[in-house]
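Written out below as structure tokens is the structure these notes cover.
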Amino acid sequence: MADIWWKADPHDLHRLTDRVSSVYIERSHVDREDNAVLVINGRENVRIPAAMIAVVLLGPGTRVTHGAIRLLADSGTAVCWVGEQGVRLYASGLGPSRSSGLLHRQAWLVTRPKERLNVARAMYAMRFPGEDVTKATMQQLRGKEGTRFKKLYQEHSRRTGVPWNGRVYKTGDAFAAGDDVNRLFSAANTALYGICHAVIVGLGASPGLGFVHTGSAISFILDVADLYKAEYTLPLAFDLAAQGLTEERDARVALRDRIADTKLLSRIVTDVKALLNPPGTDFDTPETSALWDEHVGTVAAGTNWSAQDTHPATRSHLDLSAAALGEQHIAIVGPEFEDQAPPPGQQP
């Protein structure tokens with residue numbers, strides 16, 4: 001079986017012309033050595049050129065130094081703290097994108113009903129190839145999707161011989177609800193959400209600005225994951241149930257291998273970019289920092305405008321003195337290393 005997509009051999013990174021999609025690290029110490037990330041564990045020491053990685057996934061048992069994180073950030077590499085085998089995203093750092101252009105584009109689309117409906121239709125069109133959905137309402141699209149999944153449930157039940165008695169889902173503890181195939185479907189979906197989350201964060205888009213889903217901090221993740229459930233997680237759940245593999249880990253590992261074999265990661269990247277920035281769209285993503293102005297659009301950052309801003313409409317009379325931190329600010333700063341006292345019973 002092929003290695004999972006994040007386990008590309010780090011020794012071969014220098015031969016790649018493009019960045020490696022991501023590198024997964026588990027039970028290792030991550031440090032910095034010059035302009036490379038140094039991964040140290042009980043088996044080997046591996047140097048990885050930081051500028052050739054799109055995303056670093058830090059799995060369980062991983063320790064990382066401040067120097068390594070700073071290097072990855074300077075190199076435009078996203079850092080994600082994930083669960084075992086990278087299928088649960090717990091937290092993320094700065095993504096590879098140094099521009100907020102894609103995020104601005106997403107916000108522009110989602111706040112205009114006409115444009116938002118067009119993106120939602122494009123998402124449904126990916127599920128109904130060959131059908132014209134350009135004039136369908138959201139109600140009609142939801143109905144078509146519901147009918148499609150009812151048929152898929154029945155087809156996979158007949159194919160595998162696993163009974164299907166309806167979808168059961170428990171919010172907050174999805175794996176605890178329903179029969180084996182329901183629980184496997186929920187577990188695989190959760191893993192798929194983690195993968196989609198990592199891609200969206202890495203591209204610089206917002207997980208919360210959805211087009212079909214709304215109101216959740218992961219609305220866009222749910223939108224994107226729904227594009228692949230019929231192809232990935234639903235048949236996988238029936239296949240595993242038919243084999244008697246009914247643990248949550250069975251779903252996660254099986255989905256992991258399927259993602260590797262079919263290169264789903266690159267497909268998600270392509271699909272998200274096409275949805276937010278379709279071909280022919282005039283969309284600039286400058287990697288510069290500026291200050292917003294309500295009259296002239298933007299002005300240069302890094303400038304003291306108290307003396308230089310002579311435009312009456314943009315002249316500021318705000319108090320620019322340093323703001324007090326206030327009583328709610330908490331700072332925890334450890335002693336310098338050389339000042340730390342030795343542990344009890346040891347000599348300095």
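Along the sequence shown, the residues carry numbers beginning at 1.
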Answer yes or no: is there an ion pair linking Glu145 with Arg142, defined by an N-O contact shorter than 4.0 Å? no
What distance separates Tyr153 OH from Arg148 CZ, expressed to the nearest 0.5 Å? 10.0 Å
Check the hydrophobic clustering (I, L, V, M, F, W, Y; side-chain heavy atoms under 4.5 Å; chains of links allowed) and say if Leu222 and Ile259 are grouped together. yes
Which value, rounded to the nearest 0.5 Å, describes the distance between Asn277 atom CG and Arg105 atom CZ? 6.0 Å
Checking Val133, Asn118, Val212 against Met123 for side chain to side chain contact (heavy atoms under 4.5 Å, CB included), the one that qualifies is Val212
Could you give the distance from CG (Asp223) to CD1 (Ile200), rounded to the nearest 0.5 Å? 8.5 Å
Filter on side-chain hydrogen bond (donor to acceptor under 3.5 Å, both in side chains), then keep only pairs touching residues 230-244, sequence neighbours left out; what's left? Arg159-Asp239, Asn189-Thr233, Glu231-Arg267, Tyr232-Thr262
Leu103, Ile218: one ILVMFWY side-chain cluster at the under-4.5 Å cut-off? yes
Less than 6.0 angstrom from the centroid, inside 45 degrees of the normal: does Arg121 satisfy that with respect to the ring of Tyr124? no
Does a salt bridge link Arg183 with Asp180, judged by any charged N lying under 4.0 Å from a carboxylate O? yes
With side chain to side chain contact (heavy atoms under 4.5 Å, CB included) as the criterion, how do Leu184 and Leu236 come out once you've worked through the C-alpha distance, each side chain's angles and the decisive distance to 0.1 Å? CA-CA 8 Å; Leu184 288 166; Leu236 183 66; over 6 Å; no
In Å, rounded to the nearest 0.5 Å, how long is the span from NE2 of His104 to CD of Gln106? 11.0 Å
Give a yes or no on whether Val46 and Leu71 share a hydrophobic cluster (residues Ile, Leu, Val, Met, Phe, Trp, Tyr; joining criterion: side-chain heavy atoms under 4.5 Å apart). yes
Using 0.5 Å steps for rounding, measure from the CZ atom of Phe211 to the CG atom of Leu275. 8.0 Å
Rounded to the nearest 0.5 Å, how far apart are OG1 of Thr62 and CZ of Arg27? 8.5 Å
